[in-house]
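These notes concern the structure reproduced below.
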Amino acid sequence: MLVIALKKHVVLYKKLSNALMQRLHAHAHVTLIERLDAQGLEQLRAALPQAHGLLGASLKLDAQLLDLAPQLEAIASVSVGIDNYDLEYLNARKILLTHTPDVLTETTADTGFALILASARRVVELAIRVRNGQWQKNIGPEHFGTDVHGKTLGIIGMGRIGEALAQRGHFGFGMPVIYHSHSPKPAVEARFDAQYRSLEQLLQEADFICLTLPLTAETEGLIGREQFALMRPESIFINISRGKVVDEAALIHALQNGLIRAAGLDVFEREPLDTASPLLTLDNVVATPHIGSATIETREAMARCAVDNLLAALAGERPPNLVGAFHQSKTEMHGLKEIS
Ligand code: DGY
């Protein structure tokens, strides 16, 4: 059972369901910042000096902001990605960081497959034609798509979401799976009959090139002009990881010059995507507004997971989803109890 001796102060910068709000109120004083507009950011700045815990997503919590929160003990991110946080800074301040892995894996892989199918079969482009009254006769070859089943699925970054994508491709669509990650993963290879490739080999071989990598100093700008030049004109590029893993200007160049057939993109260098982006002028681009985990069920599960993490951290217990790098050192530093 969770016991927080004195009610601590929690600042939310994301709205939660009533049930989760009640749960938080039972254990902590809660300040809710409803929207992260200019006024919301002011409210956040005003609330930070009292905050022991923060919970939210989609906000870069840099030193400038966090310096305003001298009592801060834990941040519960409602996301699996942790690129909005400066781990070194948090480590130096002994602030715990938690995230929400697992609960969004299947939903995000569904999004990846939605983009694979939509871009290969030109679903969005052709649906817009129907809506615009342009379906006057049966479509001809100029509007045909390309098959998904049986094509080679290339996955860059074989983590949880990569595996869920491989599962769909292998069992659902009879796709040979090739992948690139830090090192080969024998269990994945056995399960999905997958084969490891160097990045260069994968880019040359895959029909669908899917990014499922976290954004880190190592992966930023990983896919640029040189990498697009290796892809085949029939290949389709899918990004459900982070926009900054890709050099967007190079992607636009590849699409405009037929270096690749199409792209399905859920993430962008800057979000929301600029309405003047050339990506939005290209028929062979399916662009979605970072909907990877955006289903009713999964967003609620992520929020629940974040609340569990935060309450555990504030109660001096080890949160279930402490960010990896912190596990050992932070539990020691904080003298946190192990959860059995
Ligand atoms: C995640 O959980 O990291 C999603 O991409 C939302 O940011």
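For clarity, every value in this text was computed on a predicted model and none was experimentally measured. Numbering of residues begins at 1 and proceeds along the displayed sequence.
- Closest approach of Tyr89 to Ala63, counting heavy atoms only: CE1-CB, 3.6 Å.
- Residue Glu226 qualifies as open at atom CD: its count of foreign heavy atoms under 6.0 Å is 12 or below.
- The CG atom of Asp110 lies 11.5 Å from the CG atom of Leu104; values are rounded to the nearest 0.5 Å.
- Taken from CD1 in Ile82 to CG in Asp86, the straight-line distance is 11.0 Å, to the nearest 0.5 Å.
- Considering only heavy atoms from C-beta on, Leu97 stays 4.5 Å or farther from Ile95 through its side chain.
- Taking every heavy atom of both residues into account, Tyr196 and Pro184 meet most closely at CD1-CA, 3.7 Å.
- Salt bridge status for Arg23 with Asp308: present, with a side-chain N to carboxylate O gap under 4.0 Å.
- A donor-acceptor pair is defined here as one N or O able to donate and one able to accept, closer than 3.5 Å; such a pair exists between the side chain of Glu269 and the backbone of Glu248.
- Linking ILVMFWY residues whenever their side-chain heavy atoms come closer than 4.5 Å, directly or via other members, leaves Ile236 and Ile178 in distinct clusters.
- Between Glu73 and the options Arg93, Lys8, Lys94, a salt bridge (Lys or Arg N to Asp or Glu O under 4.0 Å) holds for only Lys8.
- Note on Leu280: it does not cluster hydrophobically with Ile291, by side-chain heavy-atom contacts below 4.5 Å among ILVMFWY residues.
- Here the side chain of Asn239 pairs no donor or acceptor atom with the backbone of Leu265 at under 3.5 angstrom.
- No donor-acceptor distance shorter than 3.5 angstrom exists from the side chain of Asn91 to the backbone of Leu87, with no hydrogens or angles considered.
- With sequence neighbours excluded, the residues forming a side-chain hydrogen bond (donor to acceptor under 3.5 Å, both in side chains) with Thr146 are Lys151, listed by chain and number.
- Put simply, the residue from Asn309, Val323, Leu322 that forms a side chain to side chain contact (heavy atoms under 4.5 Å, CB included) with His99 is Val323.
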Distance-only check: which donor-acceptor pairs under 3.5 Å involve side-chain atoms of residues 210-224, not counting sequence neighbours?
unit_1, atom_1, unit_2, atom_2, d
Thr212, OG1, Ile156, O, 3.4
Thr212, OG1, Gly157, O, 2.4
Thr216, OG1, Glu218, N, 3.2
Thr216, OG1, Thr219, N, 3.2
Thr216, OG1, Thr219, OG1, 3.4
Thr219, OG1, Pro214, O, 2.7
Thr219, OG1, Thr216, N, 2.8
Thr219, OG1, Thr216, O, 3.4

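- Here the closest non-hydrogen pair linking Gly169 and Leu153 is CA-CD2, 3.9 Å.
- Atoms CD and CD, on Gln39 and Glu34 in that order, are 10.5 Å from each other to the nearest 0.5 Å.
- Ile75 and Tyr85 make their closest contact through CG2-CE2, 3.9 Å (heavy atoms, listed as atom of the first residue, atom of the second, distance).
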*Apply side chain to side chain contact (heavy atoms under 4.5 Å, CB included) to Leu55 and Leu16, showing your working.*
CA-CA 10 Å; Leu55 184 148; Leu16 302 179; 4.0 Å; yes
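- Proximity of a side-chain donor or acceptor of Lys60 to a complementary backbone N or O of Asp83 within less than 3.5 Å is detected.
- For the pair Thr298 (side chain) and Thr295 (backbone), a donor-acceptor distance under 3.5 Å is absent.
- Leu36 is listed as a side-chain neighbour of Leu41, based on a closest heavy-atom distance under 4.5 Å.
- In this structure, CZ in Arg168 is found 11.5 Å from CG in Leu117, a value given to the nearest 0.5 Å.
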*Might you work through the side-chain hydrogen bond (donor to acceptor under 3.5 Å, both in side chains) test for Arg261 and Ser235, ending with a clear yes or no?*
CA-CA 6 Å; Arg261 181 194 289 270; Ser235 61; over 6 Å; no
Please output the side-chain donor-acceptor pairs of residues 200-208 that fall under 3.5 Å, not counting sequence neighbours, one pair per line with the distance.
unit_1, atom_1, unit_2, atom_2, d
Gln201, OE1, Ser198, N, 2.9
Gln201, OE1, Ser198, OG, 3.3
Glu205, OE1, Arg197, NE, 3.2
Glu205, OE1, Arg197, NH2, 3.2
Glu205, OE2, Arg197, NE, 2.8
Asp207, OD1, Arg232, NH2, 2.9
Asp207, OD2, Thr152, N, 2.8

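- In the hydrophobic clustering of this structure, Val123 does not group with Phe113; members are Ile, Leu, Val, Met, Phe, Trp, Tyr whose side-chain heavy atoms approach within less than 4.5 Å, directly or through other members.
- Taking 4.0 Å as the cut-off between side-chain N and carboxylate O, Asp247 and Arg225 do not count as a salt-bridged pair.
- Hydrophobic clustering, defined by side-chain heavy atoms of Ile, Leu, Val, Met, Phe, Trp and Tyr closer than 4.5 Å, groups Val130 together with Trp135.
- At a threshold of 4.5 Å between side-chain heavy atoms, the hydrophobic network of Ile, Leu, Val, Met, Phe, Trp and Tyr places Val80 and Val267 in two separate groups.
- Note that CZ of Arg129 and CD of Gln136 are 9.5 Å apart. Values are rounded to the nearest 0.5 Å.
- His290 is listed as a side-chain neighbour of Arg242, based on a closest heavy-atom distance under 4.5 Å.
- Across Leu310 and Ala76, no two heavy atoms sit closer than the pair CB-CB, 3.8 Å.
- A pairwise comparison of heavy atoms in Ala57 and Tyr13 identifies N-CE1, 3.2 Å as the closest pair.
- In the hydrophobic clustering of this structure, Leu255 does not group with Ile116; members are Ile, Leu, Val, Met, Phe, Trp, Tyr whose side-chain heavy atoms approach within less than 4.5 Å, directly or through other members.
- Screening Leu259, Val246, Val285, Leu115 against Phe237 for a side chain to side chain contact (heavy atoms under 4.5 Å, CB included) leaves a single residue, Val246.
- The main-chain N or O of His149 is never found under 3.5 Å from a side-chain atom of Asp147 such that the two would form a donor-acceptor pair.
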*Would you please test Val10 and His52 for side chain to side chain contact (heavy atoms under 4.5 Å, CB included) and show each step?*
CA-CA 6 Å; Val10 164; His52 298 102; over 6 Å; no
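- Remark: side-chain polar atoms of Thr111 are paired, donor with acceptor, to backbone N or O of Thr107 under 3.5 angstrom.
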*Run the side chain to side chain contact (heavy atoms under 4.5 Å, CB included) check on Ile238 and Ser119 step by step: do they pass?*
CA-CA 9 Å; Ile238 305 291; Ser119 37; 3.6 Å; yes
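- Taking the six-membered ring where tryptophan is involved, the planes of His9 and His29 are tilted, since the angle between them lies from 30° to 60°.
- With rounding to the nearest 0.5 Å, the separation of CZ in Arg304 from OG1 in Thr100 is 12.0 Å.
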*Is there a side chain to side chain contact (heavy atoms under 4.5 Å, CB included) between Leu12 and Val30 once you walk through the steps?*
CA-CA 7 Å; Leu12 306 182; Val30 181; 3.9 Å; yes
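- Note on residues 113-126: pairs passing salt bridge (charged side-chain N to carboxylate O under 4.0 Å, His left out), not counting sequence neighbours, are Arg122-Glu125.
- The stretch residues 180-193 participates, sequence neighbours left out, in these salt bridge (charged side-chain N to carboxylate O under 4.0 Å, His left out) pairs: Glu163-Arg191.
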